[in-house]
Amino acid sequence: MAKNTDATAIQFRRLNTKKGPAVQSSRAQSDRQAYRLRMKYILENQPLLEMKQGEVDRILVKGGRVEGVATTINEAFNGQAVIVAPGTFLNGLIHIGLTHFPAGRLGELPSVRLSESLREIGFEMGRLKTGTTPRWDGKTITFSRLGKQEGDDPPRPFSFSTGGLPHEFLPCYITYTNPKTHEIIRSGFDRSPLFTGVIEGIGARYCPSVEDKVVKFPDKERHQVFLEPEGLRTHECYPNGLATSLPLDIQRKMLRSIEGLEKVEIMRPGYGIEYDYVNPIQLKPTLETKLVEGLYHVGQINGTSGYEEAAAQGIIAGINAALKVRGETPFTLDRSEAYIGVLIDDLVTKGTQEPYRMFTSRAEYRLILREDNADLRLMDKGHRLGLVDDKIYNRFVEKKEAIACELARLQKIKIRPTAGINDRLKILGSNPIKNVTSLEELLRRPEITYHDLKVFDPSHDALPPEVAEQVELEVKYAGYIRKQEGLVERFRSMERVRIPEDIRYDTTPGLSNEIKEKLSRIRPMTLGQATRISGVTPAAISILMVQLKRMGAV
């Protein structure tokens, strides 16, 4: 996905650059059609991959094991592993005002019988709701009246293996709703599926519709609307921040009350959509279901919202389905290794009753789960799994060695407190040194950058930017990183205590009935996972530890 983004992007922009590296992230706007077609080409040319199209309406199961899938035309595809990634199509129902009709996306049929098949197997299911924005004709927008936002120059690619980037970029634009807009929105509440009780599913707390915003934040006179171009060869625009399920006439009036959109034409209306999902506590950390061996669930079916979350689950399920077929050890990432680990652990341990989104605040070890060091954390694992080719991996090894060598060099090279040295420090806005100081100690100062070190180091060679960035971050945050690594080690000591699959919680003395029920239902795989189950107390963990010792598991 990162490579495909780099090949089809029309804007790159770094977010939160005024904050620390742990919360900085990259955002890309891709040409939607180019992205789809290029990815289709990649998949069609992938060795050993066959692609078929059809509507799957049931999962084939025998003796608690998956055997394949069957389509609406009774075509069967047999397999030792099946990954279900149905998006919002499971029993999907679209709402535009008080009009509603079955669909998975606007203009596409829902998957009703597959939802029934999952329920018949015995999965615990619920109902969620999400929504999307109207799409506009860019020819009818007065862009000169909107705030313009260019991408970064130079842009930073998504993939660590990307060299050159496309050169044709487009700006995004910003406008705002106003009191008149909000008045028009309120006038449609009597025909809103949200406020008339027509929609039963639970919506996303963190991505509210515009009518939700007007109700929940009545003191706000305006809300930002971020206009994203859909591609280089289309005029279609996507207005981020204006998801709505209001009637079409209200949508049109609402939009035309916003500056720059006075003559805007809607190409496709916004809508709300309800869909079925399966309670994710019925999953193992590999995303294999506990009910059916070899069956994996991915994306919105697990209660998540957003394609980043779906992709994160998809790669883990894909890896584990392949390992399952090969008879090899499953692969998981824990909370200290990746945001993927945090996401999946939250889902399988706590479940969700609303669309789940991943935030930096959910990760207790976010200082070491930075975007900039993703390759240092995960490239070795990817190479061992066969997902990273030797050419890319060898380049990564060179980078890792260069970082280690430079960190060692900065420790060795020392400068003395001479007048010349202190004059240079003064120019850089830094205090003079009084003792012999290593370049590493100097770099720890907030005002000194890695680039500044060449003033004190004649042998300073220009390193690749990605190497220099890692060296600077490692030095400046060394104390914080060591502290977090200590917490990680304590966390991993709990994760290393495996809980036998055949443990009987109902006969474990000392546990309350409530905790017995929760442990029996979720069946944590490790003692660490048990600690993160809502309502499981430290006292219960101590009792569980004693029981594991009795069983010889510790």
Side-chain angles (χ1 to χ4, degrees), residues 1-9 12-17 19-28 30 39 42 152 154-165 307-309 311-316 318-319 331-344 358 360 363 365-410 450 462-478 480-482 484-485 488 492:
M1 287 181 69
K3 291 176 183 178
N4 207 47
T5 295
D6 290 341
T8 60
F12 290 91
R13 191 175 178 87
R14 294 277 289 163
L15 305 179
N16 299 327
T17 53
K19 298 180 181 179
V23 294
Q24 291 179 17
S25 61
S26 295
R27 176 191 180 278
S30 280
M39 188 65 90
I42 295 294
D152 292 337
R156 178 172 178 159
F158 261 46
S159 173
F160 289 92
S161 61
T162 296
L165 286 167
Y307 41 81
E308 300 93 343
E309 288 83 353
Q313 296 167 67
I315 193 167
I316 296 299
I319 289 168
F331 173 79
T332 57
L333 292 166
D334 68 39
R335 300 181 73 90
S336 68
E337 293 177 303
Y339 275 93
I340 290 175
V342 177
L343 165 71
I344 293 175
M358 186 73 253
T360 53
Y365 309 117
R366 55 187 170 273
L367 188 57
I368 57 178
L369 302 184
R370 306 186 308 273
E371 178 185 290
D372 60 79
N373 69 2
D375 58 340
L376 297 171
R377 288 184 283 114
L378 301 171
M379 190 80 80
D380 281 322
K381 297 177 188 292
H383 186 250
R384 283 198 302 272
L385 289 163
L387 296 174
V388 176
D389 65 41
D390 289 342
K391 183 179 178 182
I392 292 173
Y393 183 69
N394 291 337
R395 200 185 313 153
F396 159 72
V397 170
E398 290 174 5
K399 173 185 172 180
K400 192 160 65 168
E401 289 174 350
I403 293 168
C405 288
E406 183 63 3
L407 287 170
R409 194 183 74 86
L410 293 181
Y450 179 79
L463 290 173
E466 65 272 17
V467 174
E469 178 186 43
Q470 283 306 307
V471 169
E472 183 165 343
L473 289 173
E474 285 288 329
V475 171
K476 287 195 183 302
Y477 291 91
Y480 298 103
I481 291 171
R482 276 196 299 271
Q484 196 142 99
E485 286 172 344
V488 166
R492 286 186 176 156

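These numbers come from a predicted model, not from an experiment.
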Given side-chain contact (heavy atoms from CB on, under 4.5 Å), test L378 with I340 step by step and report yes or no.
CA-CA 11 Å; L378 301 171; I340 290 175; 5.8 Å; no
In this structure, CD of E398 is separated from SG of C405 (nearest 0.5 Å) by 11.5 Å
d(D380 CG, F396 CZ) to nearest 0.5 Å is 4.5 Å
Fill in: Heavy-atom neighbours of L165 CG exceed 12 at 6.0 Å
yes
**Report entry** Side-chain donor/acceptor of D152 to backbone N/O of R14, under 3.5 Å
**Finding:** yes
In short, P21 meets Y477 closest at the heavy-atom pair CD-OH, 3.1 Å
Between R409 and E406 (salt bridge meaning N to carboxylate O under 4.0 Å), is one present in this structure? yes
To the nearest 0.5 Å, atom OH of Y393 lies from atom OG of S161 at 15.0 Å
**Side chain to side chain, K399 and D375, heavy atoms closer than 4.5 Å** = yes
| Do V342 and Y365 touch side chain to side chain, with heavy atoms closer than 4.5 Å? | no
Taken to the nearest 0.5 Å, the spacing of E485 CD from Y480 OH works out to 15.0 Å
Tightest non-hydrogen contact, residues S159 and D6, listed as N-OD2, 2.9 Å
All heavy atoms of L369 vs all of A338, minimum pair found to be CD2-N, 3.6 Å
Do NZ/NE/NH1/NH2 and the carboxylate oxygens of D372 and R370 come within less than 4.0 Å? yes
- [ ] Carefully, step by step, assess L333 and K381 under the rule side-chain contact (heavy atoms from CB on, under 4.5 Å).
- [x] CA-CA 10 Å; L333 292 166; K381 297 177 188 292; 3.7 Å; yes
L343 and Q313 have their tightest heavy-atom pair at CD2-CG, 4.1 Å
(message) Could you tell me if N373 and Q470 have a donor-acceptor pair between their side chains, going purely by distance under 3.5 Å?
(response) no
Let me see the working for L410 and Y450 under side-chain contact (heavy atoms from CB on, under 4.5 Å), right down to the final yes or no. CA-CA 10 Å; L410 293 181; Y450 179 79; 4.3 Å; yes
Residues passing the ring-ring contact (aromatic ring centres under 6.0 Å, His included) test with F160, sequence neighbours excluded, are none
Output for pair (I319 CD1, T332 OG1), nearest 0.5 Å, gives 10.5 Å
Tightest non-hydrogen contact, residues Q484 and I368, listed as OE1-N, 3.3 Å
Do any N or O atoms from the side chain of N16 and from the backbone of V23 form a donor-acceptor pair under 3.5 angstrom?
-> yes
Nearest heavy-atom approach of P157 to F12 is CA-CE2, 4.2 Å
Interatomic distance, CG@L473 vs CG@L367, rounded to 0.5 Å, equals 9.5 Å
When you compare the side chain of T360 with that of Y339, does any pair of heavy atoms fall below 4.5 Å?
yes
- request: Please check if the side chain of E337 supplies one atom and the backbone of D334 the other of a donor-acceptor pair under 3.5 Å.
  value: yes
| How far apart are the C-alpha atoms of D390 and H383, what are their side-chain angles, what is the distance that settles it, and do they pass the side-chain contact (heavy atoms from CB on, under 4.5 Å) test? | CA-CA 8 Å; D390 289 342; H383 186 250; 2.9 Å; yes
| query | Distance-only, no hydrogens or angles: does the R13 side chain make a donor-acceptor pair with backbone N or O of R27 under 3.5 Å? | reply | no
